[in-house]
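These numbers come from a predicted model, not from an experiment.
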Amino acid sequence: MTVSNYRPISLLKVLSKVLEKVVNNRLLSYLENHNLISNNQYGFRTKKSTEDAVICLSNIATKHMDQRLKCLAVFLDLKKAFDTVSIPLLLRKMECLGIRGTPLAWFKDYLKGRSQTVKVLDYTSNTQKVTHGIPQGSTLGPTLFLIYANEMCDLELDNAQIIAFADDTAIIFHGGTWEETRKTAEKGLAKIRKTLENNLLTINAQKTKYICFSITPATQPPTNFTLKLHSLQCTTLEFPPNDCSCAILDKESSMRYLGVIIDENLNWHPHITALSNRVRRLIPVFRNLRDIVDNKLITLVYKALCQSLLIYCISAWGGAATTHMTEESTNPPWASTVDYPFSSWEETHAIWRVVLGFDMMMIMKR
């Protein structure tokens with residue numbers, strides 16, 4: 001952990017938080033009622049969630065693979081996205097969205113004139129004025145960032161689809177061949193980079209990764225396949241990637257996006273394995289509880305510790321093939337902690353379905 005990875009958190013008074021919540025509700029209502037936020041943006045919006053973003057990404061990739069197209073997804077990483085927001089530029093964007101007069105003056109007063117200091121043990125730094133950035137830890141911060149990044153989400157790219165959750169952005173590119181897809185992706189990334197830099201946002205090339213989706217290893221791109229993030233000065237987009245010295249993005253076989261591990265085959269095996277390992281670590285908890293508490297309390301503990309993990313984005317990964325379901329799915333850690341007059345987990349499932357209110361068999365069997 002380096003010093004540059006630390007972010008200032010605004011310490012707000014209770015009255016300020018209440019006022020921000022009221023203003024944020026009015027602001028979101030205005031933006032949604034007038035359809036001012038891009039449909040590609042899923043973050044901090046009513047009736048949209050991380051699950052919707054993951055499903056959208058997987059559906060698009062699956063559709064392209066079914067059509068025998070070559071498809072890749074680039075997962076952007078922005079450097080200090082919330083801290084580099086230009087306040088004058090944000091205010092101009094708000095004015096363009098119709099926020100003018102007294103409301104705009106209120107936001108101007110809210111954003112400007114802030115200061116910050118750092119305290120470590122008994123040492124306190126000098127107070128510095130904050131000229132850039134949105135207050136982190138505030139209620140209004142995420143909504144203001146949606147306004148600021150809205151231009152990127154609305155970009156029209158050839159053979160591409162942008163999916164964003166605040167600053168967590170994925171772009172899916174497709175083409176008839178891997179070479180065509182590479183050229184399309186590099187042109188699209190150059191356009192995105194230009195838009196971001198015009199808004200004082202910077203792509204972190206070292207942390208930006210991409211995945212090439214394919215049904216089988218044979219349909220993966222060749223081993224010498226590379227994808228570059230071209231600089232604004234680079235004019236060699238139509239030439240082979242070795243003709244310029246722009247940053248080469250790292251290719252991954254799987255990526256964690258919004259809490260879900262997405263793999264190059266979209267079989268969800270890496271995610272299910274990771275989920276199984278997390279649930280498996282809870283086995284000692286249930287073993288310790290089974291001799292000292294009743295079934296009702298065990299059920300409450302299960303819902304608190306396990307169920308939230310198991311059902312997160314299950315509509316996206318729950319359709320994985322049975323062969324990819326791990327042993328943990330067919331033998332839940334809590335199944336052996338309760339004594340029932342039945343011989344197997346399958347026979348007790350009917351009772352657990354009623355007690356837990358959650359059908360585990362939708363994961364185990366298809």
Side chains of Q206 and D77: donor-acceptor distance under 3.5 Å anywhere?
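D77 and Q206 do not have a side-chain donor-acceptor pair below 3.5 Å.
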
Hydrogens and angles aside, do N24 and T139 bring a side-chain donor and acceptor to less than 3.5 Å of each other?
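There is no such pair (donor and acceptor under 3.5 Å, judged by atom type) between the side chains of N24 and T139.
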
My understanding is that only one of R45, R26, K48 makes a salt bridge (charged side-chain N to carboxylate O under 4.0 Å, His left out) with E32; could you say which?
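Result: among R45, R26, K48, R45 is the only option passing the salt bridge (charged side-chain N to carboxylate O under 4.0 Å, His left out) with E32.
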
Following the transitive rule for hydrophobic clusters with a side-chain heavy-atom cut-off under 4.5 Å over Ile, Leu, Val, Met, Phe, Trp and Tyr, establish whether [X] and [Y] coincide in one cluster.
| X | Y | result |
| --- | --- | --- |
| Y110 | V18 | no |
| V22 | F44 | no |
| I99 | L91 | yes |
| F213 | L69 | no |
| I272 | I261 | no |

How far does [atom1] of [X] sit from [atom2] of [Y], to the nearest 0.5 angstrom?
| X | Y | atom1 | atom2 | result |
| --- | --- | --- | --- | --- |
| L89 | L200 | CG | CG | 6.5 Å |
| K17 | L15 | NZ | CG | 12.0 Å |
| Q41 | I163 | CD | CD1 | 11.5 Å |
| E252 | K209 | CD | NZ | 5.0 Å |
| D109 | L104 | CG | CG | 11.5 Å |
| H271 | Y257 | NE2 | OH | 15.0 Å |

Are more than 12 heavy atoms from other residues, nucleotides or ligands located less than 6.0 Å from atom [atom1] of [X]?
| X | atom1 | answer |
| --- | --- | --- |
| K108 | NZ | no |
| I292 | CD1 | yes |
| R100 | CZ | yes |

Which atom pairs, donor and acceptor, lie under 3.5 Å between side-chain atoms of residues 146-156 and protein residues at least two apart or in another chain?
residue, atom, partner, partner atom, Å
Y148, OH, S86, N, 3.2
Y148, OH, N199, O, 2.3
N150, OD1, S38, N, 2.8
N150, ND2, L36, O, 3.0
E151, OE1, K93, NZ, 3.1
E151, OE1, N199, ND2, 3.3
D154, OD1, S38, OG, 3.0

4.5 Å side-chain heavy-atom contact, [X] and [Y]:
| X | Y | answer |
| --- | --- | --- |
| D52 | K47 | no |
| L282 | Y302 | no |
| F225 | L72 | yes |
| L140 | V23 | yes |
| T50 | Y312 | yes |

Which pair of non-hydrogen atoms, one from [X] and one from [Y], has the smallest distance, and what is that distance?
| X | Y | result |
| --- | --- | --- |
| L258 | A53 | CD1-CB, 3.6 Å |
| L201 | A81 | CD2-O, 3.6 Å |
| A205 | L249 | O-CD2, 3.8 Å |
| K79 | I203 | CE-O, 4.3 Å |
| P142 | F82 | CA-CE2, 4.2 Å |
| Y42 | S49 | CB-O, 4.0 Å |

Check the pair C56, I60 against side chain to side chain contact (heavy atoms under 4.5 Å, CB included), reporting the backbone distance first and the verdict last.
CA-CA 6 Å; C56 180; I60 292 173; 3.7 Å; yes

Side-chain donor/acceptor of [X] to backbone N/O of [Y], under 3.5 Å:
| X | Y | answer |
| --- | --- | --- |
| E264 | I211 | no |
| T208 | N204 | yes |
| W268 | V260 | no |
| T117 | S125 | yes |
| Q161 | I172 | no |

Clusters formed by hydrophobic residues whose side-chain heavy atoms approach within less than 4.5 Å: which one holds L28, and what are its other members?
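The other cluster members (ILVMFWY side chains, heavy atoms under 4.5 Å, direct or chained): none.
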
Quick one: name the residues clustered hydrophobically with I55, using the 4.5 Å side-chain heavy-atom rule over I, L, V, M, F, W, Y, and just say none if it's on its own.
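Once heavy-atom contacts under 4.5 Å are chained together, I55 still belongs with nothing else.
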
Between M94 and L144, does the side chain to side chain contact (heavy atoms under 4.5 Å, CB included) criterion hold? Intermediate values first, please.
CA-CA 9 Å; M94 297 180 72; L144 294 177; 4.0 Å; yes

Please assess K183 against E180 for the test salt bridge (charged side-chain N to carboxylate O under 4.0 Å, His left out), listing each intermediate value before the final yes or no.
CA-CA 5 Å; K183 291 181 179 180; E180 179 186 343; over 6 Å; no

Less than 3.5 Å apart, which donor and acceptor atoms pair up between the side chains of residues 126-133 and the rest of the protein, not counting sequence neighbours?
none

Stepwise side chain to side chain contact (heavy atoms under 4.5 Å, CB included) check, I192 with L157:
CA-CA 9 Å; I192 290 174; L157 305 176; 3.7 Å; yes

For K251, check side-chain hydrogen bond (donor to acceptor under 3.5 Å, both in side chains) against everything at least two apart and list the hits.
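K251 satisfies side-chain hydrogen bond (donor to acceptor under 3.5 Å, both in side chains) with Q220 once adjacent residues are dropped.
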
List in chain and number order the residues that pass salt bridge (charged side-chain N to carboxylate O under 4.0 Å, His left out) with D158, two or more places apart in sequence or in another chain; answer none if no residue qualifies.
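Testing D158 for salt bridge (charged side-chain N to carboxylate O under 4.0 Å, His left out), a comparison that skips the adjacent residues, returns none.
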
